[in-house]
Amino acid sequence: MAKARSTFRCSACGHTVAKWVGRCPDCGAWGTVDEVASVPARSSGVGGVAPTSPARPLTEINADSSAAIATGIGELDRVLGRGVVPGSVILLAGEPGVGKSTLLLESVKHWARGGRTALYLTGEESAGQVRMRAERTDAVHENVYLAAETDLATILGHVDAVSPSLVIVDSVQTVVATGTDGVTGGVTQIRAVTTALVSMAKNRGIAVILVGHVTKDGAVAGPRSLEHLVDVVLSFEGDRHSTLRMVRGIKNRFGAADEVGCFEQRDDGIHEVPDPSGIFRHERDVDVSGSTAMVAMDGKRALVGEIQALTNKSSMAMPRRVAGVDSARVAMLIAVLQSRLGVKLDDQEVYVSTVGGMRVTEPATDLAIALAIGSAVKNQPIPHNTVAIGEVGLAGEVRRVTAVARRVAEAKRLGFAHAIIPAGTDEKLPSGIRITRVDNLAQAIAAKRKRDVVDAPF
């Protein structure tokens, strides 16, 4: 029999080398190459091995056993794709303190109230600490079983004893596989633990949710293969200065991978926010200069928000430019307003931000930012029931963007009466809202004055 020998694998990209190196020769990452034990090759013999179960035609396989079960939390079901599929493994990653454990306790509560059994395994807290949080979030139920355990073999024993339909492991970095080399939370340990839990989930039809840590860059901690082993990867995000939380789908074998769920963190737990647009805009009945409504796409979800701009005359040689959005994009739009439309901003301080801490990254909000800046410097309000959608080019043209129909439909649902969109849009738009198509920024400025002809800039 061939003798086993050690090899070295990069935890970031999976590249294998014969000896240890400080930097991976494939992806260039530093300090990611770790030693792994190679399994000695076996002789293939002359024939194959008889399978334990024969292959069947696809038409004879029953798909009802893989039907999704709703968690009872609509926003989480939206991201998962109708719910949790039996036998699936879900990885939920997020920064410390963002609310991962609280969200899972909320899911366990609804799961137990549906007459199903759930097993919550914690390796970071004691059973008493989890019980205190469960009481605070009203998640105490007789169908919820709790164990503070970090040994993989003991965890599998708990699964045998309880026979749950849902298992939560909080977190996978704290579980130890006895007999496997490596430190707790290391690459080898995480891979061995995850492989065992995936095998258990597939063989017994038990849904498993793994809590994962993230690195300082926001990526899922552990080997890159961890994301390939599981069926669903979710990212739980949130600003510690805001109560808003977002669950984003990164990978999903059972649904769309770009869905977003919105939640709000409160003292009594975490609550879903089915209509987050109200957080990102200020309700008012009067027109205010420097404020423009816009619609941003976050995955497949249209979110209506508000861009606010403030300008102030400055005596400094280089006036300040402070942007709560992409600063490079704001600088470009300021240059377009000055060069193409003659809006004088070289002696003005310019401040741009969003309401509610909304993160704006896509170019479709360019038109709203440009209108807000122009409105602020000229002190000419934009109607509060008008929403602006479009990308602005260096020539001052308004370019087409994706999902205009979905954006306009969301604006109409929230009561907006007028939408300014790119002229090249060929999507079928909803009725009941006035649409103004513009080719350039000058036409958009005229449209905000409720006119259909090109007017002088502001």
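All heavy atoms count here, side chains included; hydrogens, waters and symmetry mates do not.
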**Student:** Donor-acceptor pair, Arg400 side chain versus Thr425 backbone, under 3.5 Å?
**Tutor:**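 Absent.
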**Student:** Just verifying a value: how many Å separate Ile373 CD1 and Ile307 CD1, rounded to the nearest 0.5 Å?
**Tutor:**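 Going from the CD1 atom of Ile373 to the CD1 atom of Ile307 covers 9.0 Å.
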**Student:** Return yes if some donor-acceptor pair links the side-chain N/O of Ser199 with the main-chain N/O of Thr195 below 3.5 Å, else return no.
**Tutor:**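 No, because the side chain of Ser199 does not come within donor-acceptor range (under 3.5 Å) of the backbone of Thr195.
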**Student:** Measuring from Thr184:OG1 to Gln173:CD, what's the distance to the nearest 0.5 Å?
**Tutor:** 11.0 Å
**Student:** Within the side chain of Asp287, is there an N or O that forms a donor-acceptor pair under 3.5 Å with the backbone of His384?
**Tutor:** yes
**Student:** With side-chain contact (heavy atoms from CB on, under 4.5 Å) as the test, would you mind laying out the steps for Glu124 and Ser171 before giving the verdict?
**Tutor:** CA-CA 7 Å; Glu124 298 183 344; Ser171 66; 2.9 Å; yes
**Student:** Is the shortest heavy-atom distance from the side chain of Thr150 to the side chain of Val175 under 4.5 Å?
**Tutor:** no
**Student:** Give, for atom SG of Cys262 and atom CZ of Arg245, the distance between the pair rounded to the nearest 0.5 Å.
**Tutor:** 12.0 Å
**Student:** For atom CG of Leu58, is the number of surrounding heavy atoms from other residues, nucleotides or ligands below 6.0 Å larger than 12?
**Tutor:** no
**Student:** Going from CE on Met297 to CD1 on Ile389, what distance comes out if it is rounded to the nearest 0.5 angstrom?
**Tutor:** 10.0 Å
**Student:** What heavy-atom pair brings Phe254 and Val232 nearest, and what distance separates the two atoms?
**Tutor:** CD1-CG2, 3.9 Å
**Student:** Does the side chain of Asp34 pick up a donor-acceptor pair with the side chain of Thr188 at under 3.5 Å?
**Tutor:** no
**Student:** Could you give the distance from OG (Ser163) to CZ (Arg204), rounded to the nearest 0.5 Å?
**Tutor:** 8.0 Å
**Student:** Any side-chain heavy atom of Pro164 sitting closer than 4.5 Å to one from Val159?
**Tutor:** yes
**Student:** With a 4.0 Å cut-off, would you call Arg301 and Glu75 a salt bridge?
**Tutor:** yes
**Student:** Side-chain contact, heavy-atom cut-off 4.5 Å: Arg9 with Val187?
**Tutor:**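 They are not in side-chain contact.
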**Student:** By salt bridge (Lys or Arg N to Asp or Glu O under 4.0 Å), which residues pair with Arg82, not counting sequence neighbours?
**Tutor:** none
**Student:** Please indicate whether Arg133 has more than 12 foreign heavy atoms, meaning atoms of other residues, nucleotides or ligands, lying under 6.0 Å from its CZ.
**Tutor:** yes
**Student:** Assess the residue pair Arg359 and Met246 against the criterion (side-chain contact (heavy atoms from CB on, under 4.5 Å)); give the C-alpha distance rounded to whole Å, side-chain angles, the decisive distance to 0.1 Å, and a yes or no.
**Tutor:** CA-CA 11 Å; Arg359 295 181 180 179; Met246 295 280 194; over 6 Å; no
**Student:** With no hydrogens and no angle check, is any side-chain donor or acceptor of Ser88 less than 3.5 Å from a backbone partner on Val85?
**Tutor:** yes
**Student:** Only distances under 3.5 Å count here; give the side-chain donor-acceptor pairs of residues 91-104 to other protein atoms, sequence neighbours excluded, each with its distance to 0.1 Å.
**Tutor:**
residue : atom : partner : partner atom : Å
Lys100  : NZ   : Gly94   : O            : 3.3
Lys100  : NZ   : Glu95   : O            : 3.1
Ser101  : OG   : Asp170  : OD2          : 2.6

**Student:** How close do Ala177 and Leu152 get, heavy atom to heavy atom, and via which atoms?
**Tutor:** CB-CD2, 3.9 Å
**Student:** Under the 3.5 angstrom rule, does the side chain of Gln129 hit a backbone N or O of Ser126 as a donor-acceptor pair?
**Tutor:**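 Flag set: sc Gln129 to bb Ser126 pair under 3.5 Å.
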**Student:** Passes side-chain contact (heavy atoms from CB on, under 4.5 Å), Thr402 versus Arg407? Steps please.
**Tutor:** CA-CA 9 Å; Thr402 60; Arg407 299 174 198 259; 3.9 Å; yes
**Student:** Determine, step by step, whether Lys202 and Asp231 satisfy the side-chain contact (heavy atoms from CB on, under 4.5 Å) criterion, reporting the C-alpha distance in whole Å, the side-chain angles of both residues, the deciding distance to 0.1 Å, and the verdict.
**Tutor:** CA-CA 11 Å; Lys202 302 301 180 185; Asp231 301 301; 2.6 Å; yes
**Student:** Got Ile73 and Ser107 here, is their nearest side-chain heavy-atom distance under 4.5 Å?
**Tutor:** yes
**Student:** Quick check: closest heavy atoms across Val79 and Gly261, and the distance to 0.1 Å?
**Tutor:** CG2-N, 3.3 Å
**Student:** Do NZ/NE/NH1/NH2 and the carboxylate oxygens of Glu391 and Arg329 come within less than 4.0 Å?
**Tutor:**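 Salt bridge present between Glu391 and Arg329.
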**Student:** Counting distance only, does the side-chain N/O of Ser375 pair as donor-acceptor with the main-chain N or O of Gly290 below 3.5 Å?
**Tutor:** yes
**Student:** Do the side chains of Cys10 and Asp26 get nearer than 4.5 Å, heavy atoms only?
**Tutor:**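 Side-chain contact under 4.5 Å: no.
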**Student:** Please report the shortest heavy-atom distance between Gly72 and Asp77, naming the atom on each side.
**Tutor:**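 Looks like N-OD2, 3.6 Å.
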**Student:** Does a side chain donor of either Glu106 or Thr137 reach within less than 3.5 Å of an acceptor in the other side chain?
**Tutor:**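 Note: Glu106 and Thr137 side chains miss the donor-acceptor criterion.
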**Student:** Does Arg413 CZ have over 12 foreign heavy atoms under 6.0 Å away?
**Tutor:**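 Result for CZ/Arg413: enclosed.
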**Student:** So, Gln348 side chain and Lys313 main chain: donor-acceptor pair closer than 3.5 Å or not?
**Tutor:** yes
**Student:** Less than 4.5 Å apart, side chain to side chain, heavy atoms only: is that true for Leu367 and Leu441?
**Tutor:**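 Contact flag for Leu367/Leu441 side chains = yes.
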**Student:** Can you give me the closest heavy-atom contact between Leu76 and Phe263, atom names plus distance?
**Tutor:**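 Answer, listing the atom of Leu76 first, then Phe263: N-CZ, 3.7 Å.
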**Student:** Okay, side chain of Glu149, backbone of Ile155: is any donor-acceptor separation there less than 3.5 Å?
**Tutor:**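 No.
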**Student:** State the CG-NZ distance between Leu234 and Lys251, to the nearest 0.5 angstrom.
**Tutor:** 11.5 Å
**Student:** Looking at Arg399 and Asp366, is there a salt bridge between them, counting it only when a charged N and a carboxylate O are closer than 4.0 Å?
**Tutor:** no
**Student:** Determine yes or no for a side-chain-to-main-chain donor-acceptor pair under 3.5 angstrom, with Gln338 supplying the side chain and Asp346 the backbone.
**Tutor:**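 Yes, the answer is positive, given that a donor and an acceptor are paired below the 3.5 Å cut-off.
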**Student:** Between Ser314 (side chain only) and Met316 (backbone N and O only), is there a donor and an acceptor less than 3.5 Å apart?
**Tutor:** yes
**Student:** Identify the two heavy atoms, one from Val330 and one from Ala323, that lie closest to each other, and give their separation to 0.1 Å.
**Tutor:**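 Reported closest heavy-atom pair: CG2-CB, 3.9 Å.
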**Student:** Below 4.5 Å, heavy atoms only, C-beta onward: do Gln189 and Val176 meet side chain to side chain?
**Tutor:**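 Counting from C-beta outward, Gln189 and Val176 do come under 4.5 Å.
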**Student:** Is any side-chain heavy atom of Lys300 closer than 4.5 Å to one of Arg406?
**Tutor:**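 They are in side-chain contact.
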